[in-house]
Amino acid sequence: MKRLSYVLLIIALIAVWSCSETDPITKPAPDTGGLSFARFHAIGNSMTAGVQSGGLVEGFQNVSTAAMVAQAAGASMMEQPIVSENGIPPLLYVSEYSGPTIDQLPTPGTPTNTMFPGIYNNLGIPGANLNDLLTVRPDPAVQDAFFLVLRDSAAFGKTAVDQMVNAQPTTAMVWVGANDILGSATRGTDLLMTPLASFEADYITMMDAIVAASGAVVAGNLPGIPVIPFFTTIPPVVVNPATREPVLDPGGNLIPLIGYNQGVPGALPLNALIPLTATDSLRVGTGIPIPIGGNGRPLPDFMVLDPTEAGNIQQRIMDFNTVIDTVCANRGVPVANIFALLNDVKANGANIHGDVYTTDYLTGGIFSVDGVHPSSLGYWLAAREFVRAMNRGFGAAIPDPLLPVGPLRDPALGQTSSNLIPAYSISLDEWRGLWEVLGIEPHEMPQ
Amino acid sequence: MNRRLATLALALACLIIPAQGFAAGFSVFEAGSRALGTGGAFAARADDPSAIFYNPAGIVDLENWQATAGVSLIFTGTSFAGVDPDPGFGVTEKTIDHVFTPINAYVTWKFAEKWAAGVGLMNPFGLGQTWENEDEFTGRHIVQEVDLVTFNITPVIAYRPATTVALSFGAQLVLGSVELTRAQQEPDPNGSGFLDVGTAKLEGSNDIDVGWTAGILIDATETTRVGISYRSKVDMKASGDATFVQSPSGNPAFDDAVAALWPDDQGVALQVNLPSMLWIGTMFEGVENWKFLADLVFFGWSTFKTLEFKFSDDPSLDVVRFQNYDNTVQIRLGAEYAVNEVWAVRGGYYWDPSPQPQESMSPLLADKDRHGITLGLGYTKGKWWVDAFGLALISPDRSTAGSSLDQYNGTYGSYGYLTGVNVGYSFGGGGEQQ
């Protein structure tokens with residue numbers, strides 16, 4: 001009886017031990033709801049291409065929005081205009097965290113996938129606005145971003161939209177329009193935006209061509225400027241560099257920076273936006289009233305979005321988004337609501353990898369060093385939104401893309417300050433006291 | 001609130017969840033080898049000093065002085081297979097195989113005709129685990145290592161007011177310690193990915209926290225006994241030290257910035273609500289040489305709703321983490337056959353459903369429903385007796401199904417094999433224990 005018990009115990013032991021490890025789970029073929037990803041092509045600008053920190057580089061292209069959508073959907077190929085380190089243009093880099101100081105890596109990278117004998121799956125062209133995608137042809141003599149992405153107009157198609165059409169995508173991704181806004185906004189003006197009517201006409205032309213050539217199409221809309229740290233990091237008031245608190249006048253009021261409001265120099269309203277380009281001027285006292293140590297000169301007009309300009313820009317973004325919604329709805333194209341996504345991240349943060357990330361510049365984790373382009377985490381949120389839009393629109397059940405935890409690039413790159421090229425030193429520490437790596441109470445824009 | 005430090009604290013709070021137990025949640029039911037032989041069903045039997053844990057009313061029938069002490073060996077491990085988006089398909093992880101040794105020791109004294117007193121020591125909640133390759137483990141930002149130990153000292157007094165009824169009442173004195181380690185990760189602002197910037201370690205212990213216990217045994221018929229017993233919940237209030245150790249991330253400039261804001265070592269206080277337990281058991285002795293036992297054990301896990309963490313220097317680190325456990329009922333069945341005066345053989349089965357909601361599953365504790373199959377042997381010779389048991393746990397793998405609060409999703413598996421022995425001795429009087 002005793003022996004029997006031992007035998008039974010040993011059998012039980014072996015039975016349990018033998019199933020003591022879980023097998024790896026292979027990614028199942030996603031339920032694409034009838035969508036085919038045999039030929040997945042994406043068109044757009046730098047945000048489709050995967051620009052981070054001011055440049056295009058392999059480590060970041062591998063986690064471009066288009067590449068992450070392709071990964072989630074199990075696309076059979078994802079050929080991109082890969083660029084080696086240090087990127088094209090060389091990436092911006094935080095070289096000193098206590099300033100912080102933003103430098104640029106030296107020595108641009110080179111394209112490494114130029115021999116791919118076909119149309120790239122990622123036709124995101126950094127810097128392109130909507131009309132450019134319809135009209136600009138690659139020019140070997142210029143060697144710009146259009147040439148990098150489109151290469152041979154004779155072989156693949158004259159323009160980006162032509163190449164999309166020629167690729168006959170089984171599924172197409174369209175995320176365009178940001179440069180129709182940002183080129184103007186980053187210059188501190190509302191005057192350089194694409195007019196609504198021409199945007200609408202071009203969007204219809206582009207979408208009709210792509211829809212006709214594609215099995216299915218998903219589109220994305222545009223984020224608002226109040227979520228972009230390039231515009232929201234510097235408050236329009238004077239901050240004491242020692243206490244890192246806003247300086248108050250004897251009456252207990254905030255002290256506005258000096259700048260142009262609708263062409264008139266003076267104290268800026270508390271809802272003016274100051275782009276990061278103003279940092280060097282602020283550092284030498286421009287925009288700061290004389291009684292508290294500034295030189296009293298107004299910030300140049302192109303370094304301020306006054307409330308009227310900011311309002312016009314945000315209105316144009318919303319108008320473009322209405323165009324995108326309407327044109328897409330009429331053509332059975334689901335839209336990834338990037339506008340709402342980033343508004344939500346701005347308001348509530350994004351819970352990723354056991355932490356909460358925000359739209360705060362450098363510390364927030366969602367935007368890259370240039371303050372305009374998302375980081376890998378930000379692009380992952382966008383890619384997830386595109387996937388979810390396809391799931392809604394086509395009854396698919398594609399899983400979320402793999403989170404880009406890294407390492408994506410060598411963290412040691414750019415650490416030697418001697419090989420860096422000064423870009424701009426952002427004296428946030430002095431004028432705002434923003435930077436604390438482990439996070440501080442973010443200064444919200446005064447309403 | 002300081003976001004980074006807050007999330008650090010949040011993760012520390014995760015750490016306090018005691019890891020992989022041998023019973024569902026972080027309960028440890030191995031407090032007596034005789035009970036475990038019959039699937040843990042013992043509340044109506046309660047015929048050796050380990051009754052102090054399972055149903056203290058039983059000690060009133062134990063003659064003179066009696067004592068038993070035992071140890072269990074628990075071989076256990078957890079494994080994990082990840083899915084997208086985090087940590088990704090194809091990822092597998094496992095814990096270092098551990099052997100845990102909960103102990104038990106009891107003394108009873110029948111000091112008057114209808115009275116007895118006793119005291120017991122056992123480890124009714126706890127456990128721990130360490131993930132393999134903890135510096136590369138994909139869940140290291142949640143936990144690398146966790147250990148929770150509780151000691152429960154239970155003094156009781158029992159009284160038999162009528163020939164068919166025995167009652168008992170007593171106290172629980174709970175002492176515990178906890179140790180937790182996790183990696184702190186930050187995303188590289190320059191975009192290379194998440195960098196490991198250090199570790200956070202928490203060590204704490206409590207002063208004595210107190211609960212109570214009570215039991216009743218009723219001889220319902222000549223052959224049927226009913227036992228009901230209760231151990232109250234105990235809110236274990238621990239305090240100790242949080243230690244933050246920075247480590248090189250691979251980017252010295254970033255490390256300098258991290259160092260400037262790295263939290264100071266400081267005190268931390270937390271509370272773990274150990275659940276109540278209610279036994280309702282029966283024993284049937286209507287077949288010669290056989291005992292049949294069946295217990296229901298109700299665990300009041302719903303008290304384990306949150307874990308609250310309070311740091312001594314920086315209140316902005318304080319955090320409340322939701323656990324939202326559900327109450328559970330275990331079903332425990334067993335039988336014993338007396339081969340002769342000396343030997344008894346036992347077998348049992350139990351069903352032990354998990355109190356943990358799917359979204360709370362994490363590398364700290366990924367709980368599952370369990371089937372337990374037990375075998376036992378009893379040996380009695382003169383004043384000595386020995387009980388031994390073996391127990392195999394069978395747990396179906398359990399998936400987080402994308403619901404993980406830590407956003408660390410996949411499927412957890414585990415194994416558990418337990419064995420234990422108790423040695424007992426009946427002092428004085430010449431009577432054998434029974």
Side-chain angles (χ1 to χ4, degrees), chain A residues 1-2 5 8-9 12-13 15-17 19-27 52-53 59-60 72 93-98 351-358 362 365 368-369 375-377 380 384 399-415 436-441, chain B residues 1-5 7 11 77 79-92 94 141-142 185-195 249-254 256-258 260-262 339 343 345 373 375 377 390 392-394 397 406-408 410-413 415-417 419:
Chain A
M1 187 56 71
K2 190 174 176 184
S5 297
L8 289 172
L9 287 178
L13 174 63
V16 174
W17 220 291
C19 55
S20 64
E21 284 187 41
T22 34
D23 295 324
I25 302 173
T26 314
K27 182 178 166 77
Q52 290 189 40
S53 302
F60 293 157
Y93 200 92
V94 184
S95 60
E96 290 293 335
Y97 290 82
S98 56
N351 190 1
I352 300 169
H353 198 60
D355 209 337
V356 177
Y357 295 97
T358 70
L362 297 184
S368 67
V369 175
S375 66
S376 305
L377 296 182
W380 179 78
R384 190 177 68 171
D400 292 345
L402 178 64
L403 187 72
V405 171
L408 305 170
R409 300 172 61 237
D410 182 355
L413 280 168
Q415 279 177 32
E436 293 202 17
V437 169
L438 292 179
I440 58 168
E441 187 69 36
Chain B
M1 166 156 165
N2 181 324
R3 178 177 67 81
R4 294 293 186 199
L5 297 186
T7 50
S79 56
F80 172 78
V83 299
D84 283 2
D86 193 7
F89 286 107
V91 169
T92 55
K94 64 194 285 265
H141 60 294
I142 304 166
Q185 292 186 320
E186 296 293 341
D188 177 6
N190 289 324
S192 72
F194 286 90
L195 302 179
S249 68
N251 182 339
F254 184 52
D256 289 346
V258 172
L261 292 133
W262 193 248
V339 179
W343 290 98
V345 296
I373 297 167
L375 294 168
L377 271 181
L393 284 176
I394 298 167
D397 289 354
D406 298 307
Q407 300 197 327
Y408 185 79
T411 296
Y412 290 90
Y415 71 90
Y417 172 73
T419 187

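The analysis underlying the following values was restricted to heavy atoms, covering all of them including side chains, and did not include hydrogens, waters or symmetry mates. All chains are named by letter (A, B, ...) in the order of the sequence lines, taking the proteins before the strands, and each is independently numbered beginning at 1.
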Student: What closest approach, in Å, do B:Q407 and A:N351 show between heavy atoms, and which atom pair accounts for it?
Tutor: OE1-O, 2.5 Å
Student: Against chain B, work out which of A:P401, A:S375, A:G406 has the most heavy-atom pairs shorter than 4.5 Å and name it.
Tutor: A:P401
Student: At a 4.5 Å cut-off on heavy atoms, which part of B:Y408 comes close to chain A: side chain, backbone, both, or neither?
Tutor: neither
Student: Do you know which two heavy atoms are closest between A:H353 and B:D86, and how far apart they sit?
Tutor: ND1-OD2, 2.6 Å
Student: Where on A:T26 is there a heavy atom nearer than 4.5 Å to chain B: the side chain, the backbone, both, or neither?
Tutor: backbone
Student: For B:F194, run the side chain to side chain contact (heavy atoms under 4.5 Å, CB included) check against A:L408, A:V405, A:D355 and tell me which one passes.
Tutor: A:V405
Student: If you take all heavy atoms of B:P189 and A:V94, which pair is closest and at what distance?
Tutor: CB-CG2, 4.4 Å
Student: Given heavy-atom pairs under 4.5 angstrom as the criterion, report whether the side chain, backbone, both or neither of A:D23 touches chain B.
Tutor: backbone
Student: Measuring from B:D188:CG to A:R409:CZ, what's the distance to the nearest 0.5 Å?
Tutor: 8.5 Å
Student: Identify which of B:G82, B:G88, B:G191 forms the greatest number of heavy-atom pairs closer than 4.5 Å to chain A.
Tutor: B:G191
Student: Closest heavy-atom contact between B:A253 and A:S95?
Tutor: CB-O, 3.7 Å
Student: Please name the pair of heavy atoms, one in B:G90 and one in A:P24, separated by the smallest distance, quoted to 0.1 Å.
Tutor: O-CB, 3.8 Å
